[in-house]
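The structure appears right after this line, and notes come after that.
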Amino acid sequence: MFLNLLLRLKVRDLMPRTLEGQITMEKTPSYFVTKEAPARISSMSKGTKLIVVVRDPVTRAISDYTQTLSKKPDIPTFESLTFKNRTTGLIDTSWSAIQIGIYAKHLENWLLYFPIGQILFVSGERLISDPAGELGRVQDFLGLKRIITDKHFYFNKTKGFPCLKKAEGSSKPHCLGKTKGRTHPDIDQEVVQRLRDFYRPFNMKFYQMTGQDFGWD
Ligand SMILES: Nc1ncnc2c1ncn2[C@@H]1O[C@H](COP(=O)(O)OS(=O)(=O)O)[C@@H](OP(=O)(O)O)[C@H]1O
């Protein structure tokens with residue numbers, strides 16, 4: 001209880017003051033999967049708008065593994081970490097790369113504290129194929145004028161991703177850094193298929209809960 005209060009005070013202390021006409025934002029990838037986060041955020045401010053970027057959980061798991069591999073090249077293969085028992089095909093749901101992609105389960109936790117309308121789900125896939133469209137949804141959700149449009153983006157062939165025509169406060173184009181948009185290792189297609197089958201029911205539940213079909217199957 002004391003720790004909870006301390007953490008609340010700390011987060012609030014770290015946040016800048018929000019003046020009239022300003023929005024204060026805070027971003028941490030792990031919030032969505034942190035058990036204590038909904039209660040803490042709700043007790044700090046019930047009206048907080050929440051934005052969650054989600055992508056196909058299978059690609060997400062591979063992306064997560066790619067990130068770990070870049071820091072620890074000696075870890076076991078993705079295939080061996082995926083299974084508790086490869087012969088029976090039992091998936092290791094305690095591996096965080098797998099666990100995080102069970103979005104329906106994490107969302108249930110948030111819905112105990114926030115109405116679904118207070119959460120915007122951004123498609124990670126559309127953020128790449130149509131960044132302006134997806135950011136249009138974000139601006140609408142936040143009650144902002146649609147300032148960021150198609151005009152702000154171009155597709156950078158070398159990077160293989162959309163980039164900004166001009167970075168903030170600069171006249172130069174800007175792409176995200178090297179750690180965003182890495183090449184993923186080739187994963188055994190049988191393992192990928194097994195993971196698709198594993199996530200399907202959770203994805204369906206997630207589509208139902210959010211009223212959005214993310215098209216991951
Ligand atoms: N415009 C643009 N440029 C580069 N990358 C883009 C872009 N839009 C979305 N993405 C995808 O963002 C993925 C990296 O985001 P992260 O998962 O690291 O984000 S976070 O740190 O968890 O917030 C990253 O995942 P990987 O491809 O696995 O590297 C990208 O697919």
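Both counts, for ligands and for their atoms, begin at 1 and track the order of listing.
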### Task
Could you verify whether a donor N or O on one side chain and an acceptor N or O on the other, from R17 and Q22, lie under 3.5 Å apart?
no

### Query
Within 45° of the ring axis of F141 and under 6.0 Å from its six-membered ring centre, is that where the NZ or CZ of K49 lies?
yes

#### Entry: Listed partners of D140 passing salt bridge (charged side-chain N to carboxylate O under 4.0 Å, His left out), at least two apart
R146

#### Entry: For P29, the ligand 1 atoms whose distance to one of its heavy atoms is below 4.0 Å
20 (S), 21 (O), 22 (O), 23 (O)

### Task
Would you check if there is a donor-acceptor pair between the side chains of S63 and T66 at a distance under 3.5 Å?
no

### Query
Is there a heavy atom in K27 that sits closer than 4.0 Å to ligand 1?
yes

### Message
Whether the side chain of T210 engages the backbone of Q212 through a donor-acceptor N/O pair (distance < 3.5 Å, no angle test) should be reported.
### Response
yes

### Query
Would you say S63 has any N or O atom under 3.5 Å from an N or O of ligand 1, going by distance alone?
yes

### Query
Counting only non-hydrogen atoms of the protein, does one fall under 4.0 Å from atom 17 (O) of ligand 1?
no

### Task
May I ask you to say whether E79 pairs ionically with R194, meaning some side-chain N is under 4.0 Å from a carboxylate O?
no

### Query
At what distance is the nearest protein heavy atom to atom 14 (C) of ligand 1, and which residue and atom is it?
K180 CD, 3.5 Å

### Query
Hey, is ligand 1 close enough to R55 that some N/O pair sits below 3.5 Å?
yes

### Task
Please check atom 28 (O) of ligand 1 for a protein heavy-atom neighbour under 4.0 Å.
yes

### Query
Is there at least one pair of N or O atoms, one from G124 and one from ligand 1, spaced under 3.5 Å apart?
no

### Query
Would one find an N or O of G181, backbone or side chain, under 3.5 Å from an N or O of ligand 1?
yes

### Message
Going by disulfide bond (SG atoms under 2.5 Å apart), name the pairs with one or both residues in residues 147-217, residues two or more places apart or in two chains.
### Response
C163-C175

### Query
Judged by non-hydrogen atoms, does I128 sit under 4.0 Å from ligand 1?
yes

### Query
Which protein non-hydrogen atom lies closest to atom 1 (N) of ligand 1, naming both residue and atom, and how far is it?
P162 O, 2.9 Å

